[in-house]
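Below is one structure; the comments refer to it alone.
Residue indices begin at 1 and follow the sequence shown. Whatever order the structure lists ligands and atoms in, that order sets their numbers, starting from 1.
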Amino acid sequence: MRNDWSGQTFPHPSGRRPIVGDALGAEVRAPLQSTMRRAEGLGPIFELQVFDQKFVFVTGAELAAELADESRFAKGLSPALVALREFAGQGLFTAYNDETNWALAHDLLRPAFTKAAMQRYHPVMLAAAQELFDTWDGREGSVDVSADMTKLTMETISRTAFSTDFGSFSRAEPHPFIPAMIAALKAGQRKGSLNAMPGAGLMAKRIDKKNAHHQAYVDSLLDGIIAERRNASEPDDSDLLGIMLHTPHPETGERLDDLNIRHQILTFLVAGHETTSGALSFALYYLSRDPAVLAKAQAEVDQVLGPDRDAEPTFEQVAKFRYLRRVLDEGLRLWPTAPAFTRSPRETTVLSTGHTMRPEDWAIVILPLMHRDPAVWGDDADAFDPDRFLPENSRGRKPHSYKPFGTGERSCIGRQFALHEAILVLARMLHRYDIAGDPAYELQIAERLTLMPTGFELSLTPRTPSVVASVDEAQAEPSEVCPASSIDQSGFHATSHGCPSGSAK
Ligand code: HEM
């Protein structure tokens with residue numbers, strides 16, 4: 001955690017003070033966005049000193065690509081992730097690379113993200129989306145996009161991960177598990193951010209005391225679900241929980257213990273909902289800001305789904321929404337909803353900048369800055385343009401310059417799940433409704449572990465079949481089929497032009 005880089009220093013913002021270091025310029029509610037502003041003019045690598053804790057940040061695409069080299073570097077755990085271990089233990093996201101539970105869970109859970117598994121989740125995703133549309137259809141006025149997308153993605157992950165319905169669309173108040181989970185998560189995060197401050201131990205004890213009942217409720221609810229499923233007469237391995245309970249490791253025969261299964265469920269709930277909800281919300285924000293982009297997206301969904309606004313896409317059709325995929329990719333370029341990851345070297349090494357980095361040192365890659373490096377994305381890097389991801393524009397782009405799902409063996413296991421869900425929801429939504437945002441709205445971004453637009457509302461007008469039918473089909477791009485050789489291991493179309501290039505990993 002000390003991360004002293006053998007005493008080497010890096011550029012830092014002006015105004016550093018004794019004892020507190022650079023802490024005064026940080027915004028507690030928006031640490032990432034304030035760090036992004038403070039990074040200006042500091043070059044591809046810089047530091048912030050917060051009391052005793054040194055943070056080193058990488059923003060340049062070339063240096064980030066160097067850190068993506070798996071032969072030299074691996075995932076590191078920043079103080080925020082170490083703090084999260086209080087909550088998610090050795091779950092996939094927060095495990096150290098050498099913890100045996102990581103490799104075991106990774107091997108066991110890979111089958112839960114294959115094409116065959118995703119085909120099972122497809123109807124669950126459709127059903128959750130339909131429930132959301134039913135609530136919208138019975139309501140007047142505008143909708144709070146991030147709040148509704150969060151309900152939707154939470155339902156989808158809880159139903160697919162452990163077949164539990166939180167009733168998000170029928171309850172006036174969220175299921176008590178959800179605020180308890182968020183409170184427990186926040187408590188862990190607060191303890192993590194206090195870590196470097198004098199008196200942190202005492203404050204951590206107070207936080208623990210205040211949070212104990214939330215943590216106990218979350219633990220007991222999940223342990224109850226695990227016990228019930230373990231004792232069921234018919235073993236059911238159709239969801240993630242079933243796979244974890246009933247599938248031994250194919251080579252060693254090992255299984256996950258119940259504590260680790262609880263940690264994995266929490267990990268999937270946390271990692272699997274706000275990230276996708278934010279990605280959907282940013283995509284909808286950009287769609288609502290640009291009539292030409294919106295028209296093109298609606299032309300595409302109309303072409304694939306036809307005039308019936310109730311039509312649901314088949315599993316195979318989801319891969320045909322190429323333009324929607326580019327919209328999503330471009331939203332995740334500007335605002336990657338899991339906005340940073342940490343890298344450490346496997347052995348002491350010298351970076352291309354000349355700095356020596358030892359295995360105990362770590363650097364945090366700030367994705368929204370790396371994704372706007374003009375050397376890769378041009379002088380208009382801040383502008384939203386889905387056509388950046390057209391095949392002809394992606395070809396030749398430097399490898400490792402687009403990393404919204406992380407990098408290497410610790411990259412996102414739920415990537416295809418998230419993309420399938422998000423594209424399916426966007427397609428159905430744009431096919432069913434005309435969307436209009438408030439032109440006076442200025443993008444505000446809330447930070448938890450993830451990024452999410454806040455205060456962003458949309459008015460939804462049902463589209464009638466005649467409106468759908470009258471959209472100029474000429475605007476839609478023809479749907480193509482990828483050559484079999486370009487389909488990745490899991491059988492998915494992995495890029496916005498539908499045919500995997502393999503450059504994302
Ligand atoms: C748009 C949505 C998503 C984004 C942007 C995203 C992003 C990421 C990133 C950047 C990482 C790497 C973190 C690191 O290196 O520290 C990661 C890891 C992970 N994600 Fe996602 N994610 C998304 C959706 C999901 C979903 C839907 C699930 C589950 C169904 C999921 C489960 C995980 C897990 C378990 C890991 C840890 C993998 C490991 O270390 O083995 N994510 N994600």
Side chain, backbone, both or neither: the part of Lys75 lying under 4.0 Å from ligand 1 by heavy atom: side chain
Other residues, nucleotides, ligands: >12 heavy atoms within 6.0 Å of Glu312 CD: yes
Without swapping roles, check the side chain of Arg343 against the backbone of Trp362 for a donor-acceptor pair under 3.5 Å. no
Hey, are Glu27 and Ser34 close enough side-chain-wise for a donor-acceptor pair under 3.5 Å? no
Looking only at the side chains, is there a donor atom on one of Ser168 and Glu155 sitting less than 3.5 Å from an acceptor on the other? yes
Ring centre gap for Phe268 and Phe162 strictly below 6.0 Å: no
Could you pull out the N/O/S protein atoms under 2.8 Å of atom 21 (Fe) of ligand 1, ignoring any water? Cys412 SG
Ring-face cation contact, Phe93 with Lys75, 6.0 Å cut, 45° max: yes
Distance from atom 29 (C) of ligand 1 to nearest protein heavy atom, with residue and atom: Phe268 CD2, 3.5 Å
Answer with side chain, backbone, both or neither: which part of Phe113 has a heavy atom less than 4.0 angstrom from an atom of ligand 1? side chain
Should the ring pair His420 and His122 be called parallel, tilted or perpendicular, given that the plane angle runs from 0 to 90° and is split at 30 and 60? perpendicular
Which protein heavy atom lies closest to atom 7 (C) of ligand 1, and at what distance to 0.1 Å? Pro404 O, 3.4 Å
Nearest protein heavy atom to atom 38 (C) of ligand 1, by residue and atom, and its distance? Ser411 O, 3.7 Å
Side chains of Gln90 and Arg85: any donor to acceptor distance under 3.5 Å? no
Please state which protein non-hydrogen atom is closest to atom 15 (O) of ligand 1 and give its distance, to 0.1 Å? Phe341 CB, 3.4 Å
Under 4.0 Å from a heavy atom of Thr337: which atoms of ligand 1 are those, numbered in the order shown and with their elements? 5 (C)
Answer yes or no: does an N/O atom from Arg410 fall short of 3.5 Å to an N/O atom of ligand 1? yes
Considering the heavy atoms of Trp102, write down every atom of ligand 1 situated less than 4.0 Å from one of them. 39 (C), 40 (O), 41 (O)
I'd like to know whether the aromatic ring centres of Tyr285 and Trp335 sit less than 6.0 Å apart in this structure. no
Non-hydrogen atom of Pro336 closer than 4.0 Å to ligand 1: no
Tell me whether Glu131 is salt-bridged to Arg159, with the criterion being a basic N under 4.0 Å from an acidic carboxylate O. yes
Do NZ/NE/NH1/NH2 and the carboxylate oxygens of Glu360 and Arg358 come within less than 4.0 Å? yes
Tell me: protein heavy atom nearest atom 30 (C) of ligand 1, and distance? Ile157 CD1, 3.5 Å
Residue Phe417 vicinity, atoms of ligand 1 by number, heavy atom under 4.0 Å: 27 (C)
Any cation-pi pair here, Arg333 with Phe282, using under 6.0 Å and within 45°? no
